[in-house]
Amino acid sequence: MPTLLLKNADLLVTMDDSDRRIEGGGLFARDGVIEQVGPSADLPATADRVIDARGMVVLPGLINTHHHLYQTLTRAVPAAQDATLFQWLKTLYPIWAGLTPEAIYTSALVGLAELMLSGCTTASDHLYIYPNGCRIDDEIQAAREIGIRFHASRGSMSLGESKGGLPPDRVVEDENFILQDTQRAIETYHDPAPYAMTRIVVAPCSPFSVTPDLMRESATLARAYGVHLHTHLAETKDEEAFCLRKFGRRPVGYAEELGWVGGDVWYAHGVHIDAAEVTLLAQTGTGVCHCPSSNMRLASGIAPVRAYLDHDVRVGLGVDGSASNDSSHLLAEARQALLLQRVSGNPAGLSAREALWLATRGGARVLGRDDVGLLAPGKAADVIGLHLNRLDYAGALHDPLAALVFCTPQQVDLSIINGRVVVEEGHLLTINLEAVVERHNRISRALVG
């Protein structure tokens, strides 16, 4: 079993319950699992791979709990630059109707590469549109090749315009097929074991793109297999108005009525949530993914993250789709989360430590994992490191942890996933990134026209 020794970090941040921070710290891992964490002098002297992290701050890999990787192909589309969510979707649905399996695979490589270089070691993606033979398998292939820990959400849309939904009829699927293909994905790919690299999530897209029947049937399917449930909810006032008009409920009440609350459920966004609904989420263990940049980009509002944390709601971070964020930089989302909770007037609305907690421990809780998100014996060897001796951190070294959040977000210099070095000296080792970007731009030009 291969061993890994990381030593001499200027600061090692465990993100454990005691918030242990170790100067001159390191860790020792065997077969992708951490065995020891502590001062470097207390660790074994040798290993199959030894990394000197001198000059670095080292912390657990970040966890992204919501994304749409295919949207890297449609960033900054002119007609969608100044739109609300519903306008933005109406503009982009016809473009996404041209997606192909190659487009899904290549865009996943691009988005995952961005995530990894920004410190992400575990990512969840929500793929809900499947034209022209596209399958969830296309992005799972990309995730396995690039080497990231991956939760693939088999999304779906079944409620087309002719039946009162938002998406065009040509991009929705038959509900029986959706359920059959979701079951196939679970049986083919889902790994429930500790340290799993691939898990499947059941993820109807949103209240305005699927029927109540599909929501109920999806929950039944997921719980029969013990997998998690995910959907967009309470993102905008337009969605709230849609739910009140069509179902007579606010989005959270509608979800509760359908059985979509509990420790196996998390929502993307959760922006328009009132105090009673925060209490409901806390009492039921329902999770939320906060997507600050996307919510600002689409003028959706500010999620009540401070209230979520104060009530112990499970909450993590997500970059959301790269056409509503135009980036896949998870460390940047931690910074945006901090700033957005302060902009209304509370300078202590979110601390740097809390922002990084959301990006690590919070994300692990949202995904239902206890094997990632912190550096401790028995946890996965998912580790990132950033050099402190750079222009961007000059003058901030009295608090290196806060510097990661308050200063300009950087790419990582080191990333280890499952004990494997995947980023070294700032370079992604697992794919030919230049070739992938060239192919991605070619596909994007053909898709957008």
Side-chain angles (χ1 to χ4, degrees), residues 11 13 15 19 21 57 59-60 62-67 84-85 118-120 233-237 266-275 277-279 281-282 287-321 324-366 373 386 388 392-411:
L11 180 68
V13 180
M15 298 302 294
D19 196 21
R21 305 179 190 185
V57 58
L59 62 158
L62 310 183
I63 297 170
N64 180 46
T65 61
H66 183 69
H67 206 335
T84 62
L85 174 66
S118 75
C120 182
L233 204 78
E235 183 176 0
T236 67
K237 284 292 188 181
W266 89 96
Y267 307 141
H269 302 294
V271 174
H272 298 283
I273 303 281
D274 64 25
E277 292 163 347
V278 171
T279 299
L281 299 184
V288 178
C289 169
H290 177 41
C291 304
S293 292
S294 176
N295 294 159
M296 288 187 283
R297 162 79 150 80
L298 296 174
S300 300
I302 302 173
V305 173
R306 182 73 265 159
Y308 288 149
L309 292 174
D310 291 345
H311 288 78
D312 197 31
V313 174
R314 292 187 300 124
V315 56
L317 293 180
V319 300
D320 199 12
S324 66
N325 180 320
D326 308 281
S327 171
S328 302
H329 199 299
L330 192 52
L331 188 56
E333 290 309 304
R335 184 173 190 267
Q336 293 283 48
L338 177 143
L339 296 175
L340 200 54
Q341 291 304 300
R342 297 180 175 207
V343 73
S344 297
N346 180 7
L350 196 70
S351 70
R353 196 266 177 187
E354 286 175 319
L356 287 173
W357 189 94
L358 290 173
T360 53
R361 298 291 298 278
R365 288 185 74 199
V366 164
L386 293 95
L388 294 168
D392 313 271
Y393 298 146
L397 300 188
H398 34 266
D399 192 342
L401 180 65
L404 299 184
V405 181
F406 279 104
C407 299
T408 302
Q410 300 298 304
Q411 291 190 338

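Only a predicted model underlies this, so the values are computations on that prediction, with no experimental measurement involved.
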Output, in order, the C-alpha distance, side-chain angles, deciding distance and verdict of salt bridge (Lys or Arg N to Asp or Glu O under 4.0 Å) for Arg306 and Glu354.
CA-CA 10 Å; Arg306 182 73 265 159; Glu354 286 175 319; 3.0 Å; yes
Given salt bridge (Lys or Arg N to Asp or Glu O under 4.0 Å), test Arg365 with Asp312 step by step and report yes or no.
CA-CA 11 Å; Arg365 288 185 74 199; Asp312 197 31; 3.2 Å; yes
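Closest of all the heavy-atom pairs between Leu317 and Ala334 is CD1-CA, 3.6 Å. Considering all non-hydrogen atoms of both residues, Ser328 and Ser118 come closest at O-OG, 3.7 Å. Residues Tyr393 and Leu388 come closest through the heavy atom pair CB-O, 3.6 Å.
Atom OG1 of Thr236 and atom CG of Asn295 lie 10.0 Å apart (nearest 0.5 Å). Going from atom CG of Leu340 over to atom CE of Met296 covers 5.0 Å, rounded to the nearest 0.5 Å. Atom CH2 of Trp266 is separated from atom CG of Leu233 by 13.5 Å, given to the nearest 0.5 angstrom. Taken to the nearest 0.5 Å, the CD atom of Glu235 stands 6.5 Å off from the CG atom of Leu298. Note that SG of Cys289 and CD of Glu333 are 9.0 Å apart. Values are rounded to the nearest 0.5 Å. Distance OH/Tyr308 to NE2/His290: 9.5 Å, rounded to 0.5 Å.
Applying the side chain to side chain donor-acceptor pair (under 3.5 Å) rule to Asp392 yields the partners Gln410; only residues at least two apart in sequence or on another chain are considered.
No side-chain heavy atom of Arg353 sits under 4.5 Å from any side-chain heavy atom of Val405.
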